[in-house]
Amino acid sequence: MRQILHALALLCCLHTAHPFCPAQCTCVFHGRTDGAGTRSVLCNDADMSDIPVNVPVDTVKLRIEKTGIRRVPTEAFYYLVELRYLWITYNSITSVDTGSFYNLKVLHELRLDGNMISVFPWESLKEMAMLRTLDLHNNRLTSIPSEAIPYLVKITYLDLSSNKLATLPSNLMDIWPPFNGEPVTSNASQKVVLGLQDNPWFCDCKISKLIEISKMAVTPVVLMDLFLTCSGPENLAGVLFQGAELDNCVKPSVMTSATKITSSLGSNILLRCDATGYPTPTLYWTRSDGSLVDNTVQESPGDGVKWSIMSMHGILHKDAGNYSCKAKNDAGSAEATISLSVAGSMSTTISLLKINTGTNLTGQDLAYVTDTAISTSTTSMVLSRRQTTMAALPAKPKTTLSNGVQKGSLKPAKIRQGSGGQKFPSDEENKNRYASKSVKDLEIVEETSDSAVLLWTAEGLPKDSPLTVVYSPYGEDGEDDFKRTVETNAGSGKILLEELLPGIRYSVCLVAKGSAIGKDPCIDFYTLLEGGQNPFFIIISGIACVLVLPLIGLLLYKILALYCKGSEAAQDEEELEKESYVKFETITMKQRTMNSHPTELWARRPTHESERMLLCSRSSIDSQMTYKSDSSRSEYLC
């Protein structure tokens, strides 16, 4: 609704020869002899409580002073597209909406001094691209947020005096010389005027740059009042900025491990820098284009000290350039640069060999080799170790090439040694380089009738190092119809093998691209049958049955034999009992009587006839058995 009213007022004013002036305002047209001119409007009625909405649209300067207005609403000046000066001074304004200055694209000067504003909508300044003067003095501002800094870059006159500011963002001064990196000159257009007096400043590292500016003899930043005074801390209360010394405030200093580094292609490097300063500075790395580097590690062993390490793996030519380590704290910033150069070259050009019939050999017919150049009268081949794959040659008929080389007989070892059988230095270099890199611990888990999961562990290889998984039925490695390949990387550690046949033994190998990690690791496994049984387990089960059944029969035979033997022993015992009055297994000890002989030992056995006593005297030393009691000496039982 408000926009409709604005549009109607705009149309009314444009079609009226003599625009109306608000009843509580004074409109003045400053004409010239050529018929052109500007219009200014002054509204200073003490009874005015709202921003006027019927100001002529050709107004260039609007002054609203000494009124009872308390709030600047959204889009209050939307239709004043030619407004260059807006003064809303010495009113009772406490609130300014974020969209209050919408559509004021040519505004040069905004003054809101002499009000009661405690919070200012700094983001509203982005609507005023031409704004150069901002006057907020004599208000109730308590802080300037860091988010306001981007909107103050183009301001050349900023008056924040007579507020309640105790500090400023530590990076506010970085938008002006000399802290923004631009050289200090005497150019008047570079001058920035700051009004910061009459605020309760707390003098610490956050305003150390402001204190430093106040001590400069020549500076592009001009202070309206040079006699700024500290209100805190207690030891600096009442001290002028020009005489304030901040003991616990030290600018950062940065030192790198080297200034220039040259490293070979594909190698890994570490760049380190150390920084000191108080408060402890923060460190970050940037590239030549200013972008941040993420792969860094930082640590602070103590207050005021910090170091950072940037790691780079498998560097390429595109990684060459300058890397800056930047340190920053409330007192300032510093940086140091390391220049990285990458040595070495690689080529990915592959010339196809032509056979006598004129047909081209495909990449599947060649064993990819590294750092090797083979020159013949009709062929040339330069292959890179880092960007090609060592593939196994299929068993195919040999074909004689025009240069005398047989197709299908190009073995990797022969090619790597060159035509003269001599090893190239690059072979030994790459062998040493990748000596600690390996893929191991291959394991098949979760087999089914048509799939399986392969696990592995990669040591020393980058996570994004490419791997090729090659699998085929056992004994069919050379047949392309049965062989399957899957592309992955070393960091995944896991891949699903699909399109398998049930109940078949398979062989799977890992081929690492771009590195000489030695023999490619392989493993064999069986797929399950359609019913879910692995033939390997079926074979094991059959073998177990063959071995266990005879053992079970033998065990049963032993049990029966023992049972029969027990029955015969019982019969023999009964026969012996009839012929003898002694039952040996029932002999029991009996306490001796007072009249018995010391060497006598009585034994009693119950029988069906009568109770008889047996005396056993001491026998030979070989059959002695010790018997002790508290009141007798040792006795022997025969």
Side-chain angles (χ1 to χ4, degrees), residues 146 149-150 153 168-184 204-213 246-344 433 436-437 460-465 491:
S146 297
I149 296 176
V153 173
L168 293 173
S170 60
N171 53 341
L172 175 60
M173 296 297 164
D174 292 341
I175 65 177
W176 299 305
F179 302 107
N180 63 354
E182 296 181 4
V184 177
D204 61 0
C205 281
K206 291 184 178 180
I207 63 169
S208 61
K209 296 175 186 176
L210 177 59
I211 295 175
E212 185 176 349
I213 287 178
L246 304 179
D247 297 332
N248 296 326
C249 189
V250 180
K251 291 182 179 180
S253 61
V254 181
M255 181 177 64
T256 57
S257 55
T259 57
K260 292 183 179 181
I261 294 178
T262 301
S263 186
S264 58
L265 187 68
S267 61
N268 303 331
I269 62 172
L270 296 176
L271 305 181
R272 170 169 176 157
C273 74
D274 296 77
T276 58
Y278 194 88
T280 303
T282 58
L283 292 178
Y284 58 96
W285 291 84
T286 60
R287 298 182 178 87
S288 301
D289 58 358
S291 59
L292 295 177
V293 180
D294 296 330
N295 50 323
T296 62
V297 177
Q298 296 187 16
E299 185 175 340
S300 178
D303 289 340
V305 180
K306 200 164 193 177
W307 58 259
S308 176
I309 293 179
M310 181 184 72
S311 61
M312 301 179 66
H313 302 281
I315 61 172
L316 304 174
H317 286 293
K318 65 178 183 180
D319 297 321
N322 294 330
Y323 292 85
S324 298
C325 177
K326 299 185 178 181
K328 187 176 183 181
N329 65 4
D330 292 337
S333 60
E335 68 176 88
T337 302
I338 300 178
S339 179
L340 173 63
S341 300
V342 180
R433 183 181 303 166
S436 62
K437 301 184 178 182
L461 289 174
K463 293 184 179 180
D464 57 350
S465 179

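Scanning both residues, Gly332 and Lys209, for their nearest heavy atoms gives CA-CE, 3.7 Å. Among all heavy-atom pairs drawn from His313 and Asn268, the shortest one is CA-OD1, 3.1 Å. Between Cys273 and Val254, the shortest heavy-atom contact is CB-CG1, 4.3 Å. Contact detail for Gln298 and Ser308: the closest heavy-atom pair is CG-OG, 3.6 Å. Across all their heavy atoms, Val342 and Ser264 have their closest contact at CG1-C, 4.5 Å. When all heavy atoms of Pro252 and Ala334 are compared, the pair lying nearest together is O-CB, 3.4 Å.
With hydrogens and angles disregarded, no donor-acceptor distance shorter than 3.5 Å links the side chain of Thr337 to the backbone of Ser324. Between the side chain of Ser300 and the main chain of Val305, a donor-acceptor pair closer than 3.5 Å is present. No donor-acceptor pair under 3.5 Å is formed between the side chain of Ser339 and the backbone N or O of Lys260.
Ile338 is listed as a side-chain neighbour of Trp285, based on a closest heavy-atom distance under 4.5 Å. Ser267 places a side-chain heavy atom less than 4.5 Å from the side chain of Ile315. The shortest distance between side-chain heavy atoms of Ile261 and Leu340 falls below 4.5 Å.
Here the OG1 atom belonging to Thr286 is positioned 7.0 Å from the CG atom belonging to Leu292, to the nearest 0.5 angstrom. In this structure, the separation between OG1 on Thr296 and OH on Tyr323 is 13.0 Å, given to the nearest 0.5 Å.
Asn329 pairs in a side-chain contact (heavy atoms from CB on, under 4.5 Å) with only one of the listed residues (Cys249, Pro279, Cys205, Ser170), which is Pro279.
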